[in-house]
Amino acid sequence: MLLSPPIARFWDGIDSRIDRIAMGISGLCLVHCVATTVLLTLISSAGALLDPRIHEIGLALAIGMGVIALGRGIATHGYMMPAVVGAFGLGIMAGALSLPHGGFEIFWTLIGVALVALGHDLNRRATY
């Protein structure tokens, strides 16, 4: 798919570092999920770590970075697969927010985060 010159210039200006940053944030999300699980087994309440706003803001940031980085990838290399894998992972993460705190929420969040990170890695590899 050929893009008009202004759109192509916009996507060319966005560096693939966003994919690496997004993968790092995915790693931080994994650490948060595992740390929360460990803390919940050690203490009865984890306080602010369970605040739903943390998860909602994190998902909003993940969606924003996904749109920017994976959208740039589509415009740069034309492959849809990285964006599809990343979007599928974001969908799983969004669905996990509807589950009660506990095992299944953590399981599906980790699966979603791993798929988002895989999408960013595929995007980064396709760019170079």
Side-chain angles (χ1 to χ4, degrees):
M1 176 173 97
L2 295 174
L3 298 174
S4 66
I7 295 173
R9 273 186 261 123
F10 170 77
W11 288 115
D12 286 341
I14 296 175
D15 194 272
S16 70
R17 284 179 279 182
I18 292 176
D19 284 315
R20 284 184 242 133
I21 292 168
M23 288 183 340
I25 291 172
S26 295
L28 290 175
C29 182
L30 283 169
V31 169
H32 165 75
C33 292
V34 172
T36 302
T37 304
V38 170
L39 284 174
L40 285 175
T41 60
L42 296 175
I43 57 177
S44 62
S45 173
L49 289 175
L50 293 178
D51 189 350
R53 290 177 290 184
I54 289 175
H55 300 116
E56 293 163 3
I57 291 169
L59 180 62
L61 288 172
I63 290 170
M65 294 204 68
V67 167
I68 293 169
L70 298 172
R72 179 203 47 83
I74 293 170
T76 302
H77 51 67
Y79 296 125
M80 292 290 296
M81 183 59 73
V84 169
V85 171
F88 185 59
L90 289 170
I92 291 174
M93 288 170 58
L97 280 179
S98 68
L99 299 173
H101 282 296
F104 284 118
E105 179 212 14
I106 294 165
F107 172 78
W108 287 112
T109 300
L110 293 177
I111 295 295
V113 167
L115 285 171
V116 170
L118 175 63
H120 284 295
D121 187 49
L122 291 171
N123 194 46
R124 185 183 58 81
R125 290 172 187 252
T127 303
Y128 295 103

Do the side chains of [Y] and [X] get nearer than 4.5 Å, heavy atoms only?
X: Glu56; Y: Leu59; value: no
X: Leu122; Y: Val85; value: yes
X: Asn123; Y: Arg72; value: yes

Could you state the interatomic distance from [atom1] ([X]) to [atom2] ([Y]), rounded to the nearest 0.5 Å?
X: Leu118; Y: Arg125; atom1: CG; atom2: CZ; result: 9.0 Å
X: Leu115; Y: Leu110; atom1: CG; atom2: CG; result: 11.0 Å
X: Ile21; Y: His120; atom1: CD1; atom2: NE2; result: 10.5 Å
X: Leu70; Y: Arg124; atom1: CG; atom2: CZ; result: 13.0 Å
X: Asp121; Y: Ser26; atom1: CG; atom2: OG; result: 10.5 Å

>> The criterion is side chain to side chain contact (heavy atoms under 4.5 Å, CB included); which residues satisfy it with Phe107, sequence neighbours excluded?
In response: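 Ile111.
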Check whether [X] and [Y] end up in the same hydrophobic cluster, where Ile, Leu, Val, Met, Phe, Trp and Tyr are linked by side-chain heavy atoms less than 4.5 Å apart.
X: Phe88; Y: Leu97; value: no
X: Leu90; Y: Val113; value: yes
X: Ile92; Y: Phe104; value: yes

>> Run the ring pair (Phe, Tyr, Trp, His ring centres under 6.0 Å) test against Tyr79 and tell me which residues pass, sequence neighbours left out.
In response: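 So Tyr79 forms a ring pair (Phe, Tyr, Trp, His ring centres under 6.0 Å) with His77.
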> Nearest heavy-atom pair of Val116 and Gly86: which atoms, and what distance?
Replying inline: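 Smallest heavy-atom distance, with atoms named: CG2-O, 3.6 Å.
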> Which heavy-atom pair separates Ala96 from Glu105 by the least distance, and what is that distance?
Replying inline: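 Minimum heavy-atom separation between Ala96 and Glu105: O-CG, 3.4 Å.
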